[in-house]
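To keep things clear, I will list the structure first and then write my remarks on it.
What you see below is based on every heavy atom in this structure, not just the backbone, and it leaves out hydrogens, waters and symmetry mates. Source: prediction; values computed, not measured.
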Amino acid sequence: MDQRYDAYCAADRYFYDVPRAVGPADDFSCSVPAGWSVAEWDGWRGLRPDGVVLPEQGWKIHVSTTMAEARRAVEVVARYCLRHRLAFKHLRGPSVLLVRNSKTAPREASGKLLTLYPTGTEQLEHALEHLSADLRGVRGPYVLSDLRYGDGPLYVRYGGFAVRWVERDGTPVPAIRRPDGVLVPDERAPGFHLPDWVELPACLEPSARARDADAPFPCTVERPLHFSNGGGVYLAARKRDGLEVVLKEARPHAGLDRDGTDAVTRLDREHRALTALAGVPGVPRVHDRFSVWEHHYLAMQRMPGSKLGPWLARHFPGTRADSTAAALTAYRDRALRILEQVERLLAEVHRRGLVFGDLHPPNVLVDEDDTVSLVDFELAFPIGEPVRPALGAPGFRAPPGRTGVEIDEHALATLKLWLFAPLAPLHELDPAVARDHAWRVTRRFALPDDYGAGVLRTLRRPTSPPAPTVFDRRDWRAAQDSTAAALLASATPHRADRLFPGDIEQFATGGATFAHGAAGVLHALLATGRDPRPEHERWLLDTARRTPPSRPGLHDGAHGIAYVLAELGHAQPALDLVEQHTPPAVTDHGLARGLSGVGVNLLHFGRTHHEDGLLDHAAALAERLADVLPTAAPPGGAARAGLAHGWSGPAMLFTRLHAHTGDRAWLDLAERALDRDLAECGTTPDGTIQVRDGTRTLPYLAVGSAGIALAITELASHRPDAAPVAQLPGLVRACRSAFTIQPGLGLGRAGLVLTLAAVRAVRPDLVDEDAIDTHLAELAWHAVPHGPGLAFPGAELRRLSMDLDTGAAGVLLALQAGLAHHPRLLPYPPAPTDLVAAAPLSPAHDRGR
């Protein structure tokens, strides 16, 4: 689970949205005198005195408080800042503060209620001295990225005041400027970091000495296992005897649940629960409970095995299109044995008088012999207490009205579905979906007749067969019309930040982008023969003018927006955007946000608008990529191979430059780039070629074998005997994956459909016609009735998405593929179709040959 999404679930029942204050009681706002400017964004309210010019960067002050003391702290700090004309910002209200300090919130933002922007050292020192006195006794979570001033609620860090970006490992991150003018990352990771050119002010030296004073620690930490805003979990060894332990850390006032309970209180609960369960096989023993400095720790027995999620990823046969009945039966029998053990363990927990309270896959460990353990008892409570856990995993947490052991029974029933269809968060988004899933898994895995009905009775859902959807009839036109209706009904043209609800990334990159914003949705409507509504077209055009994108990328910035503006007939605004971000200020090589995506778009614009200068820029970017390719980092770490972030994007640009120029050296470079992505692949037991990502493999478009297959398909049109083309059958077979967690384009089923459709157009021998229909029928796993039609969940499955990369717009394109292949369906400009006469190699291409 990506914990960033939790903060965007609180504002709306169906869509990801920014956390915001609700009503006057949920608002920290103060009276603002004349001569001050006020702005609001992403849960913050910023106040700046007119006429005061802030530096680009400098020492900033953060104020951290508990929920109970937050309102008074805002009043005290606002009064000081307004009197001394010191720019500051504060979270809008208690509900936003609770989300920012929750267990799943980013650790680097923990505790930050207010931020102050002194214009120099003198103003910094004055503010620290006076506010530390005014806020004496106020408590709050430690701001991990900062230096604490004294022992109060004030923290300081040197960082950026103005919003600037720089790339790190191909990802845009906040930046500050070195004295030589070069932008470098503004470090915000846990642990105070002082840039090497910045001198620590004298007023902070005592605080730095206090921070550096070592406190004795009874364990040697070997490696972290998990982090949350409430603290970490570590594998450690006890110093006095070398005993291996799992060490759980709890930070005071941090990691709050919905009731405001912090991590230390939950650690106390876990200690009591494990003590009560001492001697139960499959439950960890307690070894120590201690505190060091302000943090609390619980040392426990290390239980064998891995989490149930990775176990499922290794063994689940549903992802293979050619899974045999024997493979499905073998998995079913193993899964049922695991469930029997979980049920017995829960029964023993209940016999000891406790409710586990947090049963979900990460808290179930499975050893190599399938022996099961339960871990993480911080939500456990006595059966007789009238309480409900205020935390819980999406899909597994019990709905209102469940109490006592019913909470565990609900989670166990959900687990019984999850092991055969790991889509539990979707059940919370639309509880009716559980009925469809129960019937589907009972048939697919030949489960006992009463298996699904028994699960549904525990979940209190109807046990009768669900009504068929348009996907069951394989009427792709009806399914497409239904999806388009839900998509259009979700539009919010009155909002300035976004037009269509989508992934949380739209709040970082802007609501107009191609992957996650309005541009991609309008592209999908155009590509499927639907004219966008005039007010939606105006929204995109006005937004591009009012708040020009800060990033150049095809998926996350200016070039993707420009591509769609040109599709809509707004040629000049599109060209203006392209020229403003050419050459692009990025070094990433990928298609989504890097040089190859910009290059593909420049080539498209240069050809369609007869702009030779843009063609030259496209070639120049390709030359830059050619220079980097020989020194590209070897495979390792998180998977990147594929269309969005891998070298398949540059390969596509190289191939298209060959189609434009006739220069065969571009094809040589395309082969080399594809070899680089193929080096990240492995052959699975079912004979498919997929991208390796730790213990799992990925077949998808953005990251995975589908994206590589698309790039090879373009290469094969010009050089059918190229070595990478021989890998195409195995890559295409991977696109027949029977089960996917997500329905979307980048990392889900829709992208597999588009890949199969594109390959079918040039290599029909590799694509079984029934494969596309099967994929489209299986979209029924994710279809959710919404408004006038059917919608689809985005990343994490917790909210619906309408965007191109994760949501309904991508599904709309996939459904069009079931009707007829169209080159505009793919998530980038179409390839050149004419091949000019062969041209001599350029000097750059001859380099090193």
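Contacts classified as ring pair (Phe, Tyr, Trp, His ring centres under 6.0 Å) and involving residues 101-154 (residues at least two apart or in different chains) are given here: Tyr80-His126, His84-His126, Tyr117-Phe161, His126-His130, Tyr142-Tyr155, Tyr142-Trp293.
Remark: the Thr265 side chain and the Asp268 side chain contain no N/O donor-acceptor pair separated by less than 3.5 Å. With hydrogens and angles left out, the side-chain atoms of His253 and Thr66 include no donor and acceptor closer than 3.5 Å. Between the side chains of Thr119 and Gln123, at least one donor-acceptor pair of N or O atoms lies under 3.5 Å.
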Only distances under 3.5 Å count here; give the side-chain donor-acceptor pairs of residues 231-247 to other protein atoms, sequence neighbours excluded, each with its distance to 0.1 Å.
residue: Tyr234; atom: OH; partner: Glu249; partner atom: OE1; Å: 2.9
residue: Arg238; atom: NE; partner: Asp241; partner atom: OD1; Å: 3.1
residue: Arg238; atom: NE; partner: Asp241; partner atom: OD2; Å: 3.4
residue: Arg238; atom: NH1; partner: Asp288; partner atom: OD2; Å: 2.8
residue: Arg238; atom: NH2; partner: Asp241; partner atom: OD2; Å: 2.6
residue: Lys239; atom: NZ; partner: Phe217; partner atom: O; Å: 2.8
residue: Asp241; atom: OD1; partner: Leu243; partner atom: N; Å: 3.1
residue: Glu244; atom: OE2; partner: Arg302; partner atom: NH1; Å: 3.1

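We find that Lys103 and Asp257 are not joined by a salt bridge, their nearest charged nitrogen and carboxylate oxygen being 4.0 Å or further apart. With respect to Glu187 and Arg157, no salt bridge is recorded, no charged nitrogen being found less than 4.0 Å from a carboxylate O.
Contact record, Gln341 with Val372: OE1-N, 3.1 Å, taken as the closest heavy-atom pair. Nearest approach of Leu379 to Leu391, heavy atoms of both residues: CD1-O, 3.6 Å.
Rounding to the nearest 0.5 angstrom, the gap separating the CG atom in Leu128 from the CH2 atom in Trp59 is 10.0 Å.
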Practice prompt. Would you sort out whether Lys89 and Cys81 count as a side-chain contact (heavy atoms from CB on, under 4.5 Å), showing the intermediate values?
Written response: CA-CA 10 Å; Lys89 69 177 182 181; Cys81 291; over 6 Å; no
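For the pair Arg798 and Tyr5, the cation-pi criterion (under 6.0 Å, within 45° of the ring axis) is not fulfilled.
Within a 6.0 Å radius of CD in Glu122, no more than 12 heavy atoms belonging to other residues, nucleotides or ligands are found.
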